[in-house]
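Data block below; observations after.
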Amino acid sequence: MSRNLEKEFGKVLKEYRNNAGHSQESLALKCGLDRTYISLLERGLRSPTINTIFSICSVLNVRPSQLISKVEERLR
């Protein structure tokens, strides 16, 4: 399940990022992260920490619970 969870998180993250009009680089810069880390998250190759989720959601103007809920829906 972990790999599916990471893949779905990545898809949802990419969707929210695109909807907010951010490139991977601009999102990473505003979050204090590396662009390659955002890429790894979106491809499901890394798992974010809770701090990372909150930081990303703050920049994307979305509640962390909303992002997690969307991931949860896709796993059903």
Side-chain angles (χ1 to χ4, degrees):
M1 170 141 156
S2 179
R3 185 56 58 195
N4 283 342
L5 175 60
E6 292 161 349
K7 289 272 189 201
E8 291 308 318
F9 177 85
K11 289 176 187 176
V12 170
L13 173 57
K14 184 175 183 176
E15 182 179 310
Y16 277 109
R17 177 181 60 77
N18 286 331
N19 288 343
H22 284 285
S23 65
Q24 288 180 348
E25 190 160 351
S26 70
L27 176 60
L29 185 64
K30 290 185 179 202
C31 293
L33 301 169
D34 194 84
R35 187 214 48 89
T36 58
Y37 182 65
I38 299 296
S39 174
L40 290 169
L41 288 174
E42 289 186 358
R43 291 183 289 143
L45 299 175
R46 290 287 183 273
S47 296
T49 65
I50 190 101
N51 289 338
T52 300
I53 292 170
F54 272 73
S55 177
I56 288 170
C57 287
S58 175
V59 171
L60 296 178
N61 290 319
V62 63
R63 291 184 325 273
S65 60
Q66 185 180 349
L67 185 139
I68 297 300
S69 245
K70 189 150 191 171
V71 173
E72 186 179 21
E73 286 173 19
R74 291 188 178 193
L75 289 172
R76 292 184 191 166

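Side chains are part of it too, since the values below use all heavy atoms of this structure and drop only hydrogens, waters and symmetry mates.
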Spacing of NZ belonging to Lys30 relative to CG belonging to Leu60, to within rounding of 0.5 Å
10.0 Å

Distance col, row Leu5:CG vs Lys7:NZ, nearest 0.5 angstrom, shows 12.5 Å

Side-chain polar contacts of residues 34-45 - donor-acceptor pairs under 3.5 angstrom, sequence neighbours left out - could you list them?
| unit_1 | atom_1 | unit_2 | atom_2 | d |
| --- | --- | --- | --- | --- |
| Asp34 | OD2 | Thr36 | N | 2.9 |
| Asp34 | OD2 | Thr36 | OG1 | 2.3 |
| Arg35 | NH1 | Gln24 | OE1 | 3.1 |
| Ser39 | OG | Arg43 | NE | 3.2 |
| Ser39 | OG | Arg43 | NH2 | 3.4 |
| Glu42 | OE1 | Arg17 | NH2 | 3.0 |
| Glu42 | OE1 | Gln24 | NE2 | 2.8 |
| Glu42 | OE2 | Arg17 | NE | 2.5 |
| Glu42 | OE2 | Arg17 | NH2 | 3.3 |
| Arg43 | NE | Ser39 | O | 3.4 |

Close side-chain approach of Val62 to Ile56, heavy-atom, < 4.5 Å
no

Among Ile, Leu, Val, Met, Phe, Trp and Tyr joined by side-chain contacts under 4.5 Å, find the other residues sharing a cluster with Ile50 and list them by chain and number.
Phe54

Going by the rule side chain to side chain contact (heavy atoms under 4.5 Å, CB included), which residues pair with Leu29 if we only count those two or more places apart in sequence or in a different chain?
none

Under 3.5 Å, which donor-acceptor pairs link side chains of residues 65-74 to any protein atom two or more places apart or in another chain?
| unit_1 | atom_1 | unit_2 | atom_2 | d |
| --- | --- | --- | --- | --- |
| Lys70 | NZ | Glu15 | OE2 | 2.5 |
| Arg74 | NH2 | Glu15 | OE1 | 2.5 |

Taking side-chain hydrogen bond (donor to acceptor under 3.5 Å, both in side chains) as the test, write out the residues that go with Ser55, two or more places apart.
none

Salt bridge (Lys or Arg N to Asp or Glu O under 4.0 Å) filter on Lys11, not counting sequence neighbours, yields Glu8

Step by step, work out the side chain to side chain contact (heavy atoms under 4.5 Å, CB included) result for Ile53 and Phe9.
CA-CA 10 Å; Ile53 292 170; Phe9 177 85; 4.1 Å; yes

Verdict with reasoning, Thr52 to Thr49, per side chain to side chain contact (heavy atoms under 4.5 Å, CB included):
CA-CA 5 Å; Thr52 300; Thr49 65; 2.9 Å; yes

